[in-house]
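Remember, predicted model here, so these are calculated numbers, not experimental data. Every chain is numbered from 1 and lettered A, B, ... according to where its sequence line falls, protein lines coming before strand lines.
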Number of protein chains: 2
Amino acid sequence: MATIQDVAKLAGLSRTTVSRVINRHPYVTDEKKRLVMNAMEELNYVPNSSARRLRKQQTETIAVYVPRITNPFFSQMVEVMGNYASDRGYQLILCQTSYSRNQEINYLELLKTKQVDGLILTSIENEWSSIEPYMNYGPIMLCNEYNDQAQVPTVYLDQIEGGYIGTRHLIEQGHTQIAYCSGNNHASRVASDRYTGYKKALEEAGIVTNEDWFLTNAYSIDDGKRVFNEIAKMNDRPTAVFTGSDEVAAGIWKEALNHKWDVPNDLAIIGFDDQPVADLIGLTTIRQPIKNMAQQAMKQMIDIIQHKLPSEKKEIKLEFELIKRRST
Amino acid sequence: MATIQDVAKLAGLSRTTVSRVINRHPYVTDEKKRLVMNAMEELNYVPNSSARRLRKQQTETIAVYVPRITNPFFSQMVEVMGNYASDRGYQLILCQTSYSRNQEINYLELLKTKQVDGLILTSIENEWSSIEPYMNYGPIMLCNEYNDQAQVPTVYLDQIEGGYIGTRHLIEQGHTQIAYCSGNNHASRVASDRYTGYKKALEEAGIVTNEDWFLTNAYSIDDGKRVFNEIAKMNDRPTAVFTGSDEVAAGIWKEALNHKWDVPNDLAIIGFDDQPVADLIGLTTIRQPIKNMAQQAMKQMIDIIQHKLPSEKKEIKLEFELIKRRST
DNA sequence: TTTATCTATGGAAACGGTTTCATGATTTCG
DNA sequence: CGAAATCATGAAACCGTTTCCATAGATAAA
């Protein structure tokens, strides 16, 4: 493996000059530039990025945190972020927290050890107070997730609205018995706000909730199936269910079909995110502008890194869209 | 940011000894070890990974190439690889080739610049001859994809079997007019072998194929919809269609429903991969042991890196499983 | 014409670790 | 008891760049 020294020797110049050519520094005559280029070509030289990182104290790498990459919401996000970053010379390290607090903290050490220039959190497992100290080691920002205490740039949707829009839709369809079904993340405002929106819509309509209809721990299709069975077992059953993701909604629907229930007449279902599967099966859902969110976030992050901007709260809020299909 | 020097000074020892403690080298007395630990604690010291990378000439990072992370086949793969790697102290760089030859080559430079210790390709866009030269810079291996010329470890399924099993199933269901629908990757043996398997099954059954029934460029649900419309427009229509992915199959089915076709009576559809969506909608499909594949591949790669094994062909072949549902 | 500024280059320090080598102290073994 | 092996530590070299500083010639300004 050729080093810059080898190139310098072959070109009959100093390392410094070679470095200048590589980094497009002015003050190198065209003649020397040509000499260096030829030498690099001949030796098939490529600068060693570890050395570069050490000297420049930057890695051109950005970490993206997601709970699980198989969740289509997050994989879409990562797809867009990855492409955007790659186009600008940054690479992406994927950190899957697996909904685990420990795992999240483990990965945070990445920033501390200077393995990345910054990180984007799409979901938070720990209290903000556990994450905040890491801000000393480099820029952190939020995308999708948001938090009052976090003094960081945030690209998000107001999930109160999300919960409200969906529930409001069900109410307008004539439902008064509406179940609520979500994940299980205590530290996340996405979860709690959405629930707040749900309750807000109910209260406005003067509807009383049934505590039994608050179903948690639902992330996947299988969870949806389980949720359906919980609903089916109830004495006082809801006529509609608000879910936190299209996958869960799809699982509920699938199991409902197995039990010969008619959707939406026996049970109306509304999903969240507008994943491809929602269109496929005809699920009413609340669309989140994932790509837009992802791109704005990555743009912000690269901006912050390149201009060494101080970390401060800067909120970019995007909007939901209700997509009405045949499940409601 | 504290350096090893600061720790050494505070502990009243040399950098060497501190380094030994960090790297769990024997020959350090418990007393000094304690001194070092305390100093590290007090200074909140973390070794700088760029420096470490430079000196040790390794990055503890592995690049994984996928066409697009939103394809569930690949996101499952990446999920497993990411977790497996992370458990063993490696991190994952995600490289999305976007089905582009250029993009693939661009990312290959990662290995050259020593940004990663090795790379796993799950799909190949370029001819192997374009990829091979990069083997000089570090270990490369294949997972899912395979190639005759590639003298590298390969975890794969024999796609001839895959194509055969699926087509055979359709034939057994009484079909003789079977369309074939796939992506568009010329460099990939996954694609060509699967087609070979399809033709093999037909030939064995003495069935003549119709060239018009060879449909390409199909990756997504939307592509599936388009494919359906192409089929619907035909004068001589197939009664069954073999697809290269569950997403495409789902798209075909969805559009068939829109046109009031009955599946499987008007058109039988078989998917590939056994994604969650297949179970959801009742799609017959050919399961690939994705998780197993991913894990074996990552295990291999880490093994190769840690034991500096020479790159050689080593094939690990896994098996398909036909999952019969109601679309056939 | 002298002085200040700009251009072009190289030597050496710096980035922050790990590894090699040297050395002395301690233990083991014949 | 002396030689050999093992343990414990530190100084210095090294990994491959970029950057700071010095120098010198060329050009511009006074």
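With respect to A:Arg34 and A:Glu31, no salt bridge is recorded, no charged nitrogen being found less than 4.0 Å from a carboxylate O.
Between A:Ala51 and A:Ser14, the one whose closest nucleotide on DNA chain C sits nearer the 5' end is A:Ser14. Residue-to-nucleotide proximity on DNA chain D shows that, of B:Lys56 and B:Pro26, the 5′-proximal contact is made by B:Pro26.
Side-chain N/O atoms of A:Ser19 include none lying less than 4.0 angstrom from OP1 or OP2 on D:dT17. OP1 or OP2 of D:dT17 has at least one side-chain nitrogen or oxygen of A:Tyr45 nearer than 4.0 Å. In this model, the phosphate group of D:dT9 is approached by a side-chain N or O of B:Thr29 to a distance below 4.0 Å at OP1 or OP2. OP1 or OP2 of D:dT9 has at least one side-chain nitrogen or oxygen of B:Lys32 nearer than 4.0 Å. Taking 4.0 angstrom as the limit, A:Asn23 places a side-chain polar atom (N or O) nearer than this to OP1 or OP2 of D:dT18. Considering only side-chain N and O atoms, B:Gln57 lies under 4.0 angstrom from the phosphate OP1 or OP2 of D:dG16. Note on B:Tyr27: every side-chain N or O is 4.0 Å or more away from OP1 and OP2 of D:dA8. Listed pair B:Arg52 / C:dT18 meets the phosphate criterion, a side-chain N or O lying under 4.0 Å from OP1 or OP2.
Residue-to-nucleotide contacts include a donor-acceptor pair under 3.5 Å from the side chain of B:Arg20 to the base of D:dG10. If you check distances only, the side chain of B:Thr16 does reach the base of D:dA11 with a donor-acceptor pair under 3.5 Å. In this model, a side-chain donor or acceptor of A:Arg55 finds a partner on the base of D:dT18 within 3.5 Å.
For the pair B:Glu31 CD and D:dA8 C1', the interatomic distance rounds to 12 Å; values are reported in whole Å. Protein atom CZ of B:Arg15 is 11 Å distant from nucleotide atom P of C:dG16, rounded to whole Å. Rounded to whole angstrom, the span from the CG atom of A:Leu35 across to the P atom of C:dA8 amounts to 15 Å. What separates CD1 of B:Ile4 from P of D:dG10 is a distance of 12 Å, to the nearest Å. Put simply, CG on B:Asp30 is 12 Å from C1' on D:dA8, counting in whole angstrom units. Distance, A:His25 NE2 to C:dA8 C1': 10 Å, rounded to whole Å. Distance B:Glu60 CD to C:dG17 C1': 13 Å, rounded to the nearest Å. The CD-P distance, from B:Gln115 to D:dG16, rounds to 15 Å in whole Å.
Distance check: B:Arg53 CZ to A:Leu54 CG gives 11.5 Å after rounding to the nearest 0.5 Å.
Contact annotation: the side chain of A:Tyr137 approaches that of B:Met1 to within less than 4.5 Å [non-hydrogen atoms, C-beta and beyond]. Side-chain contact check for A:Tyr65 versus A:Leu108: some heavy-atom pair is nearer than 4.5 Å.
A:Val21 comes within 4.0 angstrom of nothing in the nucleic acid, heavy atoms only.
Listed by first and then second residue, the ring-ring contact (aromatic ring centres under 6.0 Å, His included) pairs that reach into residues 80-100 of chain A are A:Tyr99-A:Tyr219, sequence neighbours excluded.
Open room surrounds CZ on B:Arg68; 12 or fewer heavy atoms of other groups in view lie less than 6.0 Å from it.
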